[in-house]
Protein chains: 2
Amino acid sequence: MSKENTELKKAGLKATLPRIRILEALESSDHNRHLSAEEIYKQLINSGEDVGLATIYRVLTQFESAGIVIRHNFEEGHAVYEITPDDHHDHMVCLETGNVIEFHDEIIEKRQDEIAAEKGYQIIDHSMVLYVKPNK
Amino acid sequence: MSKENTELKKAGLKATLPRIRILEALESSDHNRHLSAEEIYKQLINSGEDVGLATIYRVLTQFESAGIVIRHNFEEGHAVYEITPDDHHDHMVCLETGNVIEFHDEIIEKRQDEIAAEKGYQIIDHSMVLYVKPNK
DNA sequence: GTCCTTGCAAAGCTTTTGCATCGCT
DNA sequence: AGCGATGCAAAAGCTTTGCAAGGAC
């Protein structure tokens, strides 16, 4: 039984072909880890799969509920998805090279919790992106 | 000459009625300073203004280019706009009520600079949004 | 066999655009 | 008067949904 198959079962989802293919597409894109529904769709069609765009959206929504993927709403006009990383991290984007540096900082994480608590809230999720340039 | 009128001229925009009304709507919403195009539209219609939704969108886009407003893409399915604040702050969005709470924290700001510096970068801009729920 | 899943098409929503008219300067 | 701005309606782009057919267990 494949790795994808197991992952789906674990999430309580039937291991159907479209789901396996979508999971594979997301896992194999090591370099550009953030894919849109449209990108996944085109990739599968080009691979000869017979799949509908609606299915991609439905499956991605299920994956998100199951915690398999994370959905990002960058300012691009469409959502992108990435396999949920094992370790939480935030992103630093270099405005000159486009490089994405991942980082994790406990001081900030802790402070965020404190700030939310001060206002009477608890954090469900957060997004933090630093836009940077190299030091000369 | 009104304050809004001056602000528009300074941005190189003709001081038309719709623009003035939109600016007023944004400035007068002290409490919930983050308005969507639709909210501004309804507000103006209810005030008896004869305005089109398309105009709201066009004007907001112009305002953003002129630096008069900042556009935020929170995870709500629509963009919200706020008058460009004099002082920097970040946002906390309540997932239950849609409320937006502003906050500013020096510890986090300082830490962000340090993290960027550690990697050999300097921060040009950043976005941080905490998605929260009320504590029971 | 049963129930979940899929593909297709149509609908929904937010946002943008074409165009004739209107209004600021 | 001139030219940008507006309102309306239609279109565009992303995403969701209804439904009948197909597939997993």
Side-chain angles (χ1 to χ4, degrees), chain A residues 1-2 4-23 25 34-45 47-66 68-81, chain B residues 1-2 4-25 34-66 68-69 71-81 98:
Chain A
M1 190 183 272
S2 77
E4 285 77 18
N5 203 312
T6 309
E7 201 164 346
L8 289 170
K9 292 281 177 56
K10 206 167 61 186
L13 295 169
K14 280 188 191 171
T16 63
L17 204 54
R19 284 179 181 154
I20 292 170
R21 291 287 175 266
I22 292 170
L23 204 44
H34 299 75
L35 299 177
S36 66
E38 188 76 27
E39 283 168 339
I40 295 172
Y41 176 67
K42 283 180 186 159
Q43 199 167 305
L44 295 191
I45 291 295
S47 303
E49 299 292 331
D50 181 23
V51 69
L53 183 53
T55 300
I56 311 281
Y57 278 105
R58 270 186 296 231
V59 168
L60 286 173
T61 301
Q62 294 162 345
F63 282 6
E64 193 192 6
S65 300
I68 297 175
V69 302
I70 290 184
R71 174 187 181 140
H72 294 282
N73 283 306
F74 296 154
E75 314 207 352
E76 311 169 63
H78 58 257
V80 293
Y81 299 80
Chain B
M1 185 183 276
S2 76
E4 286 77 18
N5 204 313
T6 309
E7 200 164 344
L8 289 170
K9 293 282 178 56
K10 205 168 60 184
L13 296 168
K14 279 188 190 171
T16 63
L17 205 54
R19 283 178 182 156
I20 292 169
R21 291 287 175 264
I22 292 170
L23 206 43
E24 284 174 352
H34 303 76
L35 299 177
S36 66
E38 187 76 28
E39 284 169 339
I40 294 172
Y41 175 67
K42 283 181 185 158
Q43 200 167 306
L44 295 191
I45 291 295
N46 287 341
S47 303
E49 298 292 332
D50 181 23
V51 69
L53 182 53
T55 300
I56 312 280
Y57 278 104
R58 270 186 296 232
V59 168
L60 286 173
T61 301
Q62 295 161 345
F63 282 6
E64 192 192 7
S65 300
I68 296 174
V69 302
R71 173 187 180 141
H72 295 282
N73 283 305
F74 299 148
E75 310 202 357
E76 310 171 72
H78 58 257
V80 294
Y81 299 80

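Per chain, numbering begins at 1; letters A, B, ... match sequence-line order.
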Working to the nearest 0.5 angstrom, can you tell me the gap between A/K42 NZ and A/S36 OG? 7.5 Å

Among B/T6, B/L13, B/N5, side-chain contact (heavy atoms from CB on, under 4.5 Å) partner for B/K9: B/N5

Least distance between heavy atoms, A/L8 atom then A/K14 atom: CD1-O, 4.5 Å

Kindly indicate whether the side chain of B/H78, heavy atoms from C-beta on, has any atom under 4.5 Å from the side chain of B/V80. yes

Can you list the residues that meet the ring pair (Phe, Tyr, Trp, His ring centres under 6.0 Å) rule with B/F74, with sequence neighbours excluded? B/H72, B/H91

Determine the minimum heavy-atom distance between A/A11 and A/I68, stating which atoms define it. CB-CD1, 3.8 Å

In whole Å, what is the span from the CD1 atom of B/I20 to the P atom of D/dA5? 13 Å

Donor-acceptor pairs under 3.5 Å, side chain of residues 51-63 of chain B to any protein atom, not counting sequence neighbours: which ones?
from, atom 1, to, atom 2, distance (Å)
B/T61, OG1, B/Y57, O, 2.9
B/Q62, OE1, B/R19, NE, 3.4
B/Q62, OE1, B/R19, NH2, 3.2

Rounded to the nearest Å, what distance is computed from the CZ atom of residue A/R21 to the P atom of nucleotide C/dT6? 13 Å

For the helix from C/dG1-D/dC25 to C/dT25-D/dA1, how many degrees between its two end axes (five pairs per end), to the nearest 10°? 30°

Closest heavy-atom pair, B/A25 versus B/L35, reported as atoms and distance to 0.1 Å, is O-CD1, 3.7 Å

Rounded to the nearest 0.5 Å, what's the gap from CG on A/L44 to CG on A/D50? Could you check? 11.0 Å

Taking CD1 from B/I40 and P from D/dT6, how many angstroms apart are they, rounded to a whole number? 14 Å

Nearest whole Å is fine: how far is D/dG13 C1' from A/K42 NZ? 12 Å

Grab the N/O contacts between the protein and nucleotides 14-21 of chain C below 3.5 Å, and write none if there aren't any.
from, atom 1, to, atom 2, distance (Å)
C/dT15, OP1, B/A79, N, 2.9
C/dT15, OP2, B/Y57, OH, 2.5
C/dT15, O5', B/Y57, OH, 3.4
C/dG18, O6, B/R58, NH1, 3.3

When you compare the side chain of A/I40 with that of A/I22, does any pair of heavy atoms fall below 4.5 Å? yes

Expected string for nucleotides 20-25 of chain D under the B/S/- scheme (protein heavy atoms, under 4.0 Å, primed atoms plus P, OP1, OP2 as sugar-phosphate) is ---BBS

A/E39 CD - D/dC14 P separation (whole Å): 11 Å

Quick one: list whatever passes salt bridge (charged side-chain N to carboxylate O under 4.0 Å, His left out) with A/E49, sequence neighbours left out. A/R21

How many Å lie between CG on A/D50 and P on C/dT5, as a whole number? 18 Å

Take the protein atom CD1 of B/I56 and the nucleotide atom P of D/dC8, then report the distance between them rounded to whole Å. 11 Å

Separation of atom OH in A/Y41 from atom C1' in D/dC14, rounded to whole Å: 14 Å

